[in-house]
Q: 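Structure in structure tokens, see below.
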Amino acid sequence: MTIAAPHRFTGGRRIDISQLIVWTIGGILLAIVLLGSILTLRAGHYTAAQWRDFVVFGIAQGAIYALIALGYTMVYGVLRMINFAHGEVFMSGAMTTFFLADYLNRSGFLKAHPWISLVAMLLFSGLVSMTVAVLVERIAYRPLRGAPRLVPLITAVGASFFLQYTFRGLFGSGVRAYPAIPVLQGKLWVFQKTQIAVFVGVLITLALLVLFLQRTRAGLAIRAVAEDREAAALMGVDVDRAIVTTFAVGGFMAGIAGVLYALVFVQVQFFMGFLPGIKAFTAAVLGGIGNLPGAAVGGLVLGVIESIGPSLFFDGYGIRAAHQLKDVIAFTILVLILIFRPTGLLGERLGGEERV
Amino acid sequence: MRRPIRSFTVLLLLLAFVLAACQRAQPTPTPAPAAQPSPTPAAAASPTPAAQPTPQAQVTKPTDPIGVLEIKPGEPIVLAWMLTVSGGTAQLGEDSKRGIEIAIEDLGGELLGHKIELVGEDSGCNPEGGQAAATRLAANPRIVAIVGSSCSSEARVGAPIIDQAGLVMVSPSNTAPDLTDPAKHVDAYLRVAHNDKVQGRVAAEFVVNKLGLKRVATIHDGSLYAEQLANVFAENVQKLGGTVVAQEAVSPEDTDMRPVLTRIATQQPELIYYPIFNPAGSYITLQAKEISGLENVKLMSADGLLEPQTVQNAGQAAVGLYLSGPDLTVLGPKYQEFVQKYQQKYGTKPVAGFHAHAYDATMMIVEAIKKVAVQAPDGTLYIPRKALREALYQTKNFSGLTGNLTCDQYGDCADPKIAVYEVFSTDTAGWPDSAIRKIYP
Amino acid sequence: MALLETFHLTKRFGGLVALRDVDLVVQERAIHSVIGPNGAGKTTLFNCITGFLVPDAGDIRFSGTSITGLRPDLVARLGIARTYQNIRLFRHLSVLDNVLIGLHPHINYSLLDAILRTSRYRRAERTAEREARELLAFVGLTGKEFFTAVNLPYGDQRRLEIARALALRPKLLLLDEPTAGMNPHETEEMIRLIRRLRDERGITILLIEHDMKVVMNISDVVTVLDFGEKIAEGTPEEVRRNPRVIEAYLGRGAASGLGPSTLPLPGEA
Amino acid sequence: MIVHAARRAIFIGLVAGIAGWHLSLVGLIPAFAQRRLVGDALTFSYALLVALLALAAYATGRRYPGAVQRIPWGILSALLSSLMLFLLALLVTHLNLRQILLNATPELARVLTFGGGASGAGLVRLLLIGLLAGLFAGGLSALPRPWGRVIVSAALMTLLLGLLRDVLGPLLPQVVTSFLYGTAGLSLAGALVTFLLAAVLFTLRWSLRAKAVTARATAAVPATLRQPVTQALLLLILASVPLWAGLFLSNVADFVGFYILMGLGLNLVLGFAGLLDLGYVAFFAVGAYTMAVLTSPEVGQRFTLDFWIALPIAIVTTVLAGLLVGLPVLRMRGDYLAIATLGFGEIVRLLVLSDWLKPYLGGAQGVTRIGRPSIASWRIDSPQEFYLLVLLSCLFAWFLSVRLRDSRLGRSWFAIREDEHVAQAMGINRVTAKLSAFAIGASFGGLSGALFASLVGSVVPASFSLLVSINVVAVLVLGGMGSLPGVVVGALALVGLPELLREFQEYRLLVYGIVLIAMMLFRPAGLLPERIHRRELEEAVEEAREIAPAEIATGRG
């Protein structure tokens, strides 16, 4: 029995006014940005070298975002939750390592063996951050596995503030300045040497991370849990252990990011984790959360947009002190990505979960 | 026995509410805080003219349009500070706080037979902190007067709150011109720090006349102090024949200043003037020389960065940085004595530029209290608040550590001496002499 | 007369075709079953009908008008209610509230009425509560109005889910494996309940069911899906004899966890 | 068995010790060293330390049925914690850690050892106190049902009274004050009397409640609250606050009020509709800035409106802002929603901060000279007078919350919170339900912001940081999401108490962090769980027990 279809449906969901409004707003924003860029470029205040500088600064900042974003993305991939406290994990390494750096500097070791000192600082910072990350997982997240999603999110926010103000209480609210590392002073072509150190550090870390995930049993376990936790458990993977490993690895990278941050920006304080944390999250979402290369790409893209954006988008309109709007750009990108392309630029690796 | 009395007072209070409400409606619509301060004592309003307690005054409690503070025997006279003692600007406020503490110590901790108690609130060097601190201080009815605030932003929102509460504040380190601008000044506000109209002028003279630089850029951080000082500087540079090629802003939380510096570099300035605070100030110091086009630019900041932290944080990059600020080198032997006390008490030389000002502010307040306070035979002390304010405004040739202070009708009391310092070393152990030296005037 | 019709309904997920050209006609006041091995696309069909999924092609008509791509809540308001395979109650609300939420589209008062508690509000709330209690009585949950839904025994949860669906005053009720996890006695009762729904309330029923006994027992029409395609349709008797159906079940019987014995062979009751 | 018990005791002892290290080194314990509670001896620091030790003992002992086991194991872990504390005192005294750890001062060592110092005397003192704390905790928990609780509550009450000396002292009649309080903290006699009085009160309350339970009345407290007499009395007390509270307390009450308003608003969004909004401060900011721009002569068009005209405009603006935030996030859930709203909150703050909008919104310097309300000839000026306005607003918001909760809209929010998918299948329009939650919730925040701006007289961007949002979320979490009385309790505890305890200010965010984590771990429904929910749960459990005891699934609450 076949019936000739009287009407063949081709479109998607019928048009919804709320969606229409959202798309209109998005369109207007895009138009503003485009028009601003055109106006700026036609005015021609900036030389090519300056645009290049913007990109270089953006990449240096973005590389650090990328390193932190990797931690977000890994945890999200495995647990499907945002580790809100990740920015503080990053801060804890940088803050604590200041004292090591300061000690090395005072004792003259830093001058004598800068490379050894640097590696020691990176390792130390990584270990501190790792410990903090694992503790956070153990205390604030693990007991709540299986609770409604809202619950671990709230503890994550709590953990974030707890860590911030613990470090404030321990080390004070003042700003601490890392000693300069002699071999990293000065420029190489258009780059600062510290910036190059950051790129190299990020590349090495990323490579090690990929190797770890692809080539080790622990990495395999993490990937299995990320794919399907129940199935992995049935196959004999120790889920808790895989999750702890994820936190540990993510924390270690955040710690390394902390020292690299200190190389570029020198000053550290207890609040330093908050903004980079949010930005790194933005980067992770931008690249497609749960997707490792995505986090790296997202970080770089965000860094560059932040660096170029204020000049490119707003200068054309003659907006005063456009640089102040840098974070507005970052947050707007975050919101827009979440609205229009929640799977990010490179796509979400770990599908499966419904997000209607 | 007490209960009925209490409820009676409550009733009275209620009545007073209503009466006050009715009364207030009739006169001019100008609210109290906006009223202009009168340089001369309003004879009808202020109860006790400057002299020592008169026999009549000893018997009756004085009256005062904004209230009389009553200090019973055995109760302390409460002075308060409202300074930034945390975060990146902690040294600035801590330094001033020590000035107050030394002043109280010099008084032997006592005034008119009452102990002096010092309380305080951290005002965080931002408007919100000023708002919160002022609100808390205003709610403490025991406070006589306040030494503060540290940063001009704090005062801008804090002063009206203090004013409303009937208190008075003397700032050791606010320098923004706005605060004593005739149109914007609030009655409760005085300061012993210089007005930045002076600092900005001196800085501009130094840059244009002494250094011979013509193209300058300015950066502020959105704070009242920075914004206004940058503006005054810019105006003066233009007056002296220079050009201001860029006026930019950063926010105090920014860490990456390279983009904004690159924007400035497009205009090829010879000097960047950024009168802001730490840590943002140190970020600019650190990052400016990295920018292509700014390799040879001169950097200059102001008293907000006149603290060892600036040199500690920026390290080698700080060498060559110019800093304008109060000139402490021309101060007399009294100041040297003070510094010695400071060193004895805190184990370090003064860590910022406004310790002496805080000392003077405290002493000025104490003088004024002595003038207006009325002592009852039983030792109870009455301090009429409006009269206290007026006494402060009448301060003339008060000999303080920072010079001879005379207050004008808008609350400017300073005897401004501005110097420009240069950072020549990264050694902050013997701050200030080991790291900075005066080069102008 | 046909209450629900689908024409060439197609839905893909990436490369996987969940539904392919499915034509389905559900007659008014029928009990119509959809069967098929796991992954045959039954639940996808339900999701398309209720508006949660937008089909890639094809049309769905309800009482003659197209409802394709309509928002789920509008579909529900037209009179299509559903239950879920793994019970989805409002777990932390009371039994009564669960049903009252089902009545949501039928309660009419404005926000202002609610804030001022006008007579209109009170009347509407009273009527709604009465209806909710009636529905609870209908499914046999009287006396448990103020239990929290999670605290109900399993069978009661199933019944509550049906009561909640009934609160929408549906013309068509989609039941997704209503007897899953029930013991024979409970299953008996559920079958009776489903019959009563049609007989006493005149509701058309579209049913997904794995238990062949239930299917054969109550269905007027059975549609068989396999790999997203309709392979057979007819009375239980016809379907049971259809060789393609037997092949679909027997061929992969072991893999789908549904042994051949579950499919009652001809001649059995 | 013994080995297991010992391991447990040691573990808990160590954990408590580490907690002690943490609290000491972040400065919380030394900060309270000057705050005397009872007499000259008992400072708040000591009370905290003793509480920590007792808690360790209690946590260890509660596993075991009888006092015979409870007490010794409890003592063991309390002693272990004491040892840890002593170790810290030793470290602090003999190593110069101050360069790194701000609070590793000799003063800390003195506080930790109860004045004994890092010497034999200190050790003996600490161990003795550990022993007593263990004994006390073990003994208490071994007492029959109400007594342990009554004693602990009464003790806490006494400590609270001591803590609030400076606030309460001036309020009470002088006779009472001079009897209760010494030069600092409670006098010994005052403490004793307070303790006994409190104990009697708590016993009374307990027996009343027990009676109520046996009488099978539904939940005792709300029932009495609902009685008009109690309500009127409560209202009268609340309304009379400005008469007896003085400037300072009224000011605190105002700020608590602002947070109650915001809490009630966020409760609609988070508690009722289950949408975690981490950018709630945006609405507070919009309300405050609208009020500022409209009534201050400083910015914008240089015109000023009257407060009463500006207020509704501010609320309408916030509702629009609520819709604007709500629309794009309609399709998001959980974490994404939280982050997106957080982004919105920050965008609002950054925009009002910017130089770009400075001519309209005042930039970093904010806006001052904001208008105050006046009724006829009565200018509402002081915090005391403002209190009435705040109280009225809170009551209105409460009233609205109740009415909405009991309406079909409220039910549709609950449905969305419980299961968005099913809610839609039940004919609930997700768009209207969520948007109405956002819009109405926002309006409360806007009202709060407008009042805040007017009371303080100035608005500055820094007042609208993420911390405000977190603060409101913490208020809700502590009180219980969805629970209206919970909002009040949460605001009193998290906003009111820190204002009253000056030393506390610096640690308030640390405490928020602890509250958020601890509540979620140990009491996710909050201190005062949502009422309907609880009532149902109790009844259900009770009745279900009669019907089908085996099949009750334990609910989350």
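First the proteins, then the strands, lettered A, B, ... as listed; each starts at 1.
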Q: Check each atom of A:I154 against the heavy atoms of chain D and say whether the ones under 4.5 Å are side chain, backbone, both or neither.
A: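 For A:I154, the contact with chain D is made by backbone and side chain together.
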Q: Is chain A contacted by the side chain of D:L270, its backbone, both, or neither, given a heavy-atom distance below 4.5 Å?
A: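 Contact with chain A is through the side chain of D:L270 alone.
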Q: Between A:T166, A:V22, A:D102, A:L325, which shows the greatest number of heavy-atom pairs under 4.5 Å with chain D?
A: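 Of the options given, most contacts go to A:T166.
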Q: Name the member of D:L28, D:L342, D:L353 that forms the most heavy-atom pairs with chain A at distances under 4.5 Å.
A: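 It is D:L342.
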Q: If the plane angle is over 60° it's perpendicular, under 30° parallel, otherwise tilted; pick one for D:F272 and D:F414.
A: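 Because their plane-to-plane angle is over 60°, the rings of D:F272 and D:F414 count as perpendicular.
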Q: Does any backbone or side-chain atom of D:M519 lie under 4.5 Å from a heavy atom of chain A? Answer side chain, backbone, both or neither.
A: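 Neither part.
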Q: Can you tell if the side chain of D:L476 reaches within under 4.5 Å of the side chain of D:V487, non-hydrogen atoms only?
A: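 With C-beta onward as the side chain, the pair touches.
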Q: With a 4.5 angstrom heavy-atom cut-off, which part of D:L509 approaches chain A: side chain, backbone, both or neither?
A: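 Contact with chain A: backbone and side chain both.
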Q: If we only count heavy atoms from C-beta on, is the D:L494 to D:L478 side-chain gap below 4.5 Å?
A: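 Yes, at least one pair of side-chain atoms sits under 4.5 Å.
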Q: Considering only heavy atoms, which portion of A:I337 lies under 4.5 Å from any heavy atom of chain D: side chain, backbone, both, or neither?
A: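 It is neither, since no heavy atom gets under 4.5 Å.
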Q: Can you say whether the rings of D:Y336 and A:F281 are parallel (under 30°), tilted (30 to 60°) or perpendicular (over 60°)?
A: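 Rings of D:Y336 and A:F281: perpendicular, over 60°.
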Q: Report yes or no: does A:S92 contribute a side-chain atom to a donor-acceptor pair with the main-chain N or O of A:V89 at less than 3.5 Å?
A: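 Yes.
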Q: What part of A:I21 is in contact with chain D, defined as an atom under 4.5 angstrom from a non-hydrogen atom: side chain, backbone, both or neither?
A: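 For A:I21, the contact with chain D is made by the side chain alone.
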Q: Considering only heavy atoms, which portion of D:L323 lies under 4.5 Å from any heavy atom of chain A: side chain, backbone, both, or neither?
A: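 Neither part, no heavy atoms under 4.5 Å.
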Q: Tell me, side chain or backbone of A:Q19 under 4.5 Å from chain D's heavy atoms, or both, or neither?
A: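 For A:Q19, side-chain heavy atoms alone lie under 4.5 Å from chain D.
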Q: Ignoring hydrogens, what is the shortest heavy-atom contact between A:R176 and A:F171? Give both atom names and the distance.
A: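 Heavy-atom minimum between the residues: NH2-O, 2.8 Å.
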Q: Measure A:I25 against the heavy atoms of chain D and call it side chain, backbone, both or neither at under 4.5 Å.
A: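 The side chain, not the backbone.
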Q: Which heavy-atom pair separates D:S45 from D:I29 by the least distance, and what is that distance?
A: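 Heavy atoms of D:S45 and D:I29 come nearest at OG-O, 2.6 Å.
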Q: Would a line drawn from the ring center of D:Y507 to the ring center of A:Y165 be shorter than 6.0 Å?
A: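 No; A:Y165 has its ring centre 6.0 Å or more from that of D:Y507.
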Q: If we define contacts as heavy-atom pairs under 4.5 Å, which of A:F274, A:W23, A:F340, A:F167 has the most with chain D?
A: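 Answer, by heavy-atom pair count under 4.5 Å with chain D: A:F274.
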Q: Decide yes or no for A:F84 and D:I339: does some side-chain heavy atom of the first lie under 4.5 Å from some side-chain heavy atom of the second?
A: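 Contact flag for A:F84/D:I339 side chains = yes.
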Q: Measure distances from A:L153 to the heavy atoms of chain D and classify the residue's part below 4.5 Å as side chain, backbone, both or neither.
A: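 Answer is side chain: those atoms of A:L153 sit under 4.5 Å from chain D.
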Q: Side chain, backbone, both or neither: which part of A:T96 has a heavy atom under 4.5 Å from chain D?
A: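 Contact with chain D involves no heavy atom of A:T96 at all.
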